[in-house]
Q: 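For reference, the structure I am asking about is given below.
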Number of protein chains: 2
Amino acid sequence: MILSPVSDADLDRAFAALADPVRRAIIARLSRGAATVNELAEPFEISKQAVSKHIQVLELAGLVSRTRDAQRRPVHLEAARLEAMTGWIDRYRLAAEQRFRSLDAVLERTASPAASAATTPNTDKEQQP
Amino acid sequence: MILSPVSDADLDRAFAALADPVRRAIIARLSRGAATVNELAEPFEISKQAVSKHIQVLELAGLVSRTRDAQRRPVHLEAARLEAMTGWIDRYRLAAEQRFRSLDAVLERTASPAASAATTPNTDKEQQP
DNA sequence: GCTGTAATCAACGTATTAGTTGATCAAGGA
DNA sequence: TCCTTGATCAACTAATACGTTGATTACAGC
C-alpha cells in the first residue's frame, strides 16, 4: 500500500480538526456512509452554518471530501488521512512501549529517579527514525 | 489488555495537544526516553517558558507526566493515551474501509449519492464502546 | 420566469491560544 | 549563607477559533 506523504502542516490541521467533539461526531457519522450538510447538522443544536464551517475544517485537513449532486454536496470520509494520523502516533507509541519493556525502562521506573538519570545519560536529540 | 476510559474532553485535549509541531516534536523526543524541560527546549528557538507551557498542555492532555528529581522535573511519555487516540481513529477508519470494500460503497461511488443515502438511513449518534 | 431548497459567504463578538518579558520559587553546592 | 541552576508564575499582546445572524449563490421543479 502506498502511503501519501503528509506534511507537518497537514498533521497540524488533521489533529486540530479532531480536537472538537462536533467534528469527531461528524467523522463517526461519515464512517457509516456519505451524508449531506443538512443530515450532518440535524443531531446538533448549533446552526447549519456552523456545521458547514466544521466540514470546511475537516476538508482542509484532508479528512473528508465533497462531491456534487445537484444542489446537494455529499460529504464522505477520507480514510487515508486517518491512517496517516495513526501512522504518526504509532511510530512513537511503539518506540516508547518497546523502550518501556527494556531493562532501562524498568530501572527508570523502580530505582530512584536520580539513579535512573545517572544510568540513562541519553541526552541525544530528536532524530527522525 | 485493559483500556482506560477516556472522556470526550480527554480526546479534545489530546488531539489539540498534537495539533502543534512543537508538541509533536516533544512527543517524538520523549519516545526515546525521558527528558527535562531544558533538554526539550534546546532544539527550539522559542523561550524556555513557552516550552514549559507546551509541556503543561501535553500533561493536561494525559500524554506525558512529570516526576521529581531534585530541581529537575523529568518528563516522560504516557503511551496509553496515544493508544486511546489510535483506538478512536481506527474504529471509524476500519468501519469506513470495510464499507468502502462492500458493494454499497461501490454503488455509492458510481451511482447517485441520493440513492446511497436512501440505502443507509442510519442516523444514530456516536456511541461510546 | 418564479419559488423553494441546499449550502456558502460576510461581518461580527467572544473565547482561547501561543508567544513574549520579568519576577519568583525550589533545590544543590561552594 | 550566598549563588547558581531548573522550572514555573504572572501579566500582557497578537492571532486564531467557534458561534451567531443576515445576505447571497446554485440548482430543481412547476
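Side chains are part of it too, since the values below use all heavy atoms of this structure and drop only hydrogens, waters and symmetry mates.
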Q: Which residues satisfy the side chain to side chain donor-acceptor pair (under 3.5 Å) test with Asn38(A), sequence neighbours excluded?
A: none
Q: So, using side chain to side chain donor-acceptor pair (under 3.5 Å) as the criterion, who are the partners of Asp20(A) when residues are at least two apart?
A: none
Q: Does His54(A) have a side-chain nitrogen or oxygen under 4.0 Å from the phosphate oxygens OP1 or OP2 of dG19(D)?
A: yes
Q: Between protein and nucleotides 26-30 of chain D, what N or O pairs are separated by less than 3.5 Å?
A:
none

Q: Could you list, one pair per line, each protein nitrogen or oxygen that sits under 3.5 Å from a nitrogen or oxygen of nucleotides 20-25 of chain D, together with the distance?
A:
unit_1, atom_1, unit_2, atom_2, d
dT20(D), OP2, Ser47(A), N, 2.8
dT20(D), OP2, Ser47(A), OG, 2.8
dT20(D), O4, Lys53(A), NZ, 3.4
dG22(D), O6, Gln49(A), NE2, 2.8

Q: I'd like to check the salt bridge (Lys or Arg N to Asp or Glu O under 4.0 Å) partners of Arg93(A); sequence neighbours left out, ordered by chain and number.
A: Asp90(A), Glu97(A)
Q: Could you tell me how far apart Asp20(B) (CG) and dT16(C) (P) are, to the nearest whole angstrom?
A: 19 Å
Q: Report yes if at least one side-chain N or O of Asn38(A) is closer than 4.0 Å to OP1 or OP2 of dT5(C); otherwise report no.
A: no
Q: Which whole-number value in Å describes the distance from Glu42(A) CD to dA6(C) C1'?
A: 16 Å
Q: Does Ser52(A) place a side-chain N or O at less than 4.0 Å from the phosphate oxygens OP1/OP2 of dA7(C)?
A: no
Q: What's the CG-P distance between Leu60(B) and dT8(D), to the nearest Å?
A: 14 Å
Q: Calculate the interatomic distance between Glu39(B) atom CD and dG6(D) atom P; express it in whole Å.
A: 10 Å
Q: Sequence neighbours excluded, which residues qualify as salt bridge (Lys or Arg N to Asp or Glu O under 4.0 Å) partners of Arg66(B)?
A: Glu59(B)
Q: Rounded to the nearest angstrom, tell me the gap between atom CG in Leu58(B) and atom C1' in dT17(C).
A: 14 Å
Q: What residues form a side chain to side chain donor-acceptor pair (under 3.5 Å) with Arg73(A), not counting sequence neighbours?
A: none
Q: Check the distance between dC18(D)'s C1' and Phe44(A)'s CZ and give it to me in whole angstrom.
A: 14 Å
Q: Restricting to side chain to side chain contact (heavy atoms under 4.5 Å, CB included), what partner residues turn up for Ala19(A), sequence neighbours left out?
A: Phe15(B), Ala16(B)
Q: Counting only pairs under 3.5 Å, give me each side-chain donor-acceptor contact of residues 48-57 of chain B, with atom names and distances, residues two or more places apart or in other chains.
A:
unit_1, atom_1, unit_2, atom_2, d
His54(B), ND1, Arg23(B), NH1, 3.1

Q: Can you find a heavy atom in the side chain of Val75(B) that is under 4.5 Å from one in the side chain of Leu58(B)?
A: no
Q: Measure across Ala96(A) and Leu77(B) and return the closest heavy-atom pair with its distance rounded to 0.1 Å.
A: CB-CD2, 3.7 Å
